[in-house]
Amino acid sequence: MASTQQDPALGKSLPAVIDPNFLEEPTDFSLVLGGPVFQLFRRSHLAGDGLELVHRRLLIITLVAWVPLLLLATLGSSAANIARLSFFHDVEVHVRFLIALPVLIAAEMIVHSRIRPVVRCFVERGIVLPQDLTRFHSAIESAVRLRNSIPVEIGLLLFVYAFSLWLWQSRIWIQDSTWYAISGGRWHLTPAGFWYVFVSIPILRFILLRWYMRLFIWFRFLWHVSRINLNLIPTHPDRSAGLAFLGKSAYAFGPILFAQGVMLAGLVAERVLYRRESLVSFKLQIAGFVVFFVLAILGPLLMFTPQMARAKRKGLADYGLLAQRYVESFQQKWVRSDPAPSEELLGAADIQSLADLGNSYALVREMRPIPFGLEDIGRLAAATVAPLLPLLLTILSPEELIMRVIKVVF
């Protein structure tokens, strides 16, 4: 059981930090350590029990997705008759499969190592009280069942194939030959084009959609936790009633945002380099892209706002009442009574307590009703927009770009 301690300001009994030995096994939850694909990787020796061997997964999946395209596009009979875009000049394809895809694969280790301790923080820091552990563990078990669901991952795979074929069928009629298709129709594909449409693109989209599913599982788990009566302390120095670690945990999803930025950068680069479109013409789309994905990661954390706002209101009322009582006693003792000798005032405990009480009230007043701040928003936005920075070289010289970066940083 959890021990209790007295709040020196309010005189209330509050739960102390939970002893880690009190934690039960269901609290040890990983967002990525499970599911049919993970079990397949384990049996094929592409992953260990703790997601080790990431270099093998990076190598094998990248080889399957990109190398056949290289070989078929280079050795195919139609490779010499390409009128518009060769394989080596297709920037979008290379950044997708040589940068974005490996980042999405490597992100599993980052998310595993960063999110796993976050789940334990709810119990270790006493935010979830012992009497609510049953509901907390039920939320974890529900998330694990969804993570390990075979029908869910099979459904994702079927959806990816159906969506990919529909999207290809809906695209504009191919008029100029490229490395993946011959002019005259959408399905006049080269051998490299068949691999691109039926293997490479589905692999990338399945891995990306699987990450979206994991984000849904994570936010669904947090929603269940937000329904629990949490032990929020408005005087917590993190200015978020003890929940600021949730905003910091969002950094774990930075690689997913980076990979999304890479894919957008490839699309924009193809239009700027080969269609002679201006980079400036994409500024609204890029800004909207960054805002959307930052909100997609941090926005769901607003589900904790009602409890945080309630904790702040209660804290202001409680500490306001305490302050009123204290300053009345202080004024009666030190101001209205006979003046005390100056040496008694120096270092008086009452004066120090008054200052401490003022600091506590200031902490409550400055408490945010959201578990993240501008720094968290800025870091995620930077991760999203970073892959787009090299495109500035299309409108700025390297020297101008370096000088502008230096001015922004320093």
Side-chain angles (χ1 to χ4, degrees), residues 62 65-76 78-104 164 167-168 170-186 188-193 195-197 200-201 203-205 208 255-293 381-405 408:
T62 303
W66 184 79
V67 171
L69 300 180
L70 171 66
L71 297 177
L72 293 172
T74 303
L75 303 177
S78 61
N81 298 318
I82 294 173
R84 177 170 173 260
L85 182 64
S86 71
F87 176 74
F88 293 103
H89 290 96
D90 197 334
V91 178
E92 185 178 0
V93 168
H94 298 313
V95 298
R96 276 185 175 186
F97 298 115
L98 295 180
I99 302 178
L101 181 60
V103 168
L104 290 172
S164 296
L167 197 62
W168 190 269
S170 302
R171 68 183 297 155
I172 299 175
W173 196 274
I174 298 175
Q175 297 179 349
D176 298 320
S177 297
T178 68
W179 63 270
Y180 58 81
I182 302 172
S183 62
R186 302 180 186 89
H188 292 177
L189 302 175
T190 65
W195 191 273
Y196 180 56
V197 173
S200 300
I201 292 179
I203 287 176
L204 176 62
R205 286 179 176 160
L208 188 59
I256 290 89
L257 298 186
F258 181 84
Q260 293 281 180
V262 166
M263 288 187 282
L264 177 62
L267 176 63
V268 174
E270 192 271 338
R271 297 197 176 191
V272 170
L273 296 176
Y274 301 118
R275 300 186 187 182
R276 302 303 178 184
E277 297 183 29
S278 171
L279 177 62
V280 178
S281 65
F282 292 96
K283 61 182 179 181
L284 292 180
Q285 293 92 325
I286 292 173
F289 180 89
V290 173
V291 170
F292 173 80
F293 278 101
T384 309
V385 78
L388 295 158
L389 294 180
L391 295 178
L392 293 175
L393 292 173
T394 62
I395 57 176
L396 298 174
S397 67
E399 294 79 9
E400 290 176 319
L401 179 59
I402 292 174
M403 290 303 299
R404 293 200 179 192
V405 171
V408 170

For this session: Decide yes or no for T190 and L72: does some side-chain heavy atom of the first lie under 4.5 Å from some side-chain heavy atom of the second?
Result: no

For this session: Could you tell me whether the side chain of M263 reaches within less than 4.5 Å of the side chain of L208, counting heavy atoms only?
Result: yes

Work out which heavy atom in [X] is nearest to a heavy atom in [Y]; give both atom names and the distance.
X	Y	result
S200	A65	OG-O, 2.5 Å
A73	A192	N-CB, 3.7 Å
L70	T74	O-OG1, 2.6 Å
G266	E92	O-CB, 3.8 Å
V103	P255	CG1-O, 3.3 Å
L204	L101	CD1-CD1, 4.0 Å

For this session: Apply side-chain contact (heavy atoms from CB on, under 4.5 Å) to the pair I201 and Y196, showing each step before the final yes or no.
Result: CA-CA 6 Å; I201 292 179; Y196 180 56; 3.6 Å; yes

Exercise. Between atom CG of L104 and atom CZ of R96, what is the distance when rounded to the nearest 0.5 Å?
Worked result: 12.0 Å

Seminar exercise, completed: In L69, I203, V67, the residue satisfying side chain to side chain contact (heavy atoms under 4.5 Å, CB included) with F97 is L69

Exercise. For L391 and F282, what are the C-alpha separation, side-chain angles and deciding distance, and is it a side-chain contact (heavy atoms from CB on, under 4.5 Å)?
Worked result: CA-CA 11 Å; L391 295 178; F282 292 96; over 6 Å; no

Exercise. Are the side chain of H94 and the backbone N or O of I99 linked by a donor-acceptor pair below 3.5 Å?
Worked result: no

Problem set entry | Plane angle bin for W66 and F87 - parallel if under 30°, tilted between 30 and 60°, otherwise perpendicular | tilted

Problem set entry | side-chain contact (heavy atoms from CB on, under 4.5 Å) assessment of V385 paired with F289 | CA-CA 9 Å; V385 78; F289 180 89; over 6 Å; no

Problem set entry | Which residues share a side-chain hydrogen bond (donor to acceptor under 3.5 Å, both in side chains) with W195, sequence neighbours left out | none

For this session: Start with the C-alpha gap between L264 and T384, add the side-chain angles, then the distance that decides, and say whether side-chain contact (heavy atoms from CB on, under 4.5 Å) holds.
Result: CA-CA 10 Å; L264 177 62; T384 309; over 6 Å; no

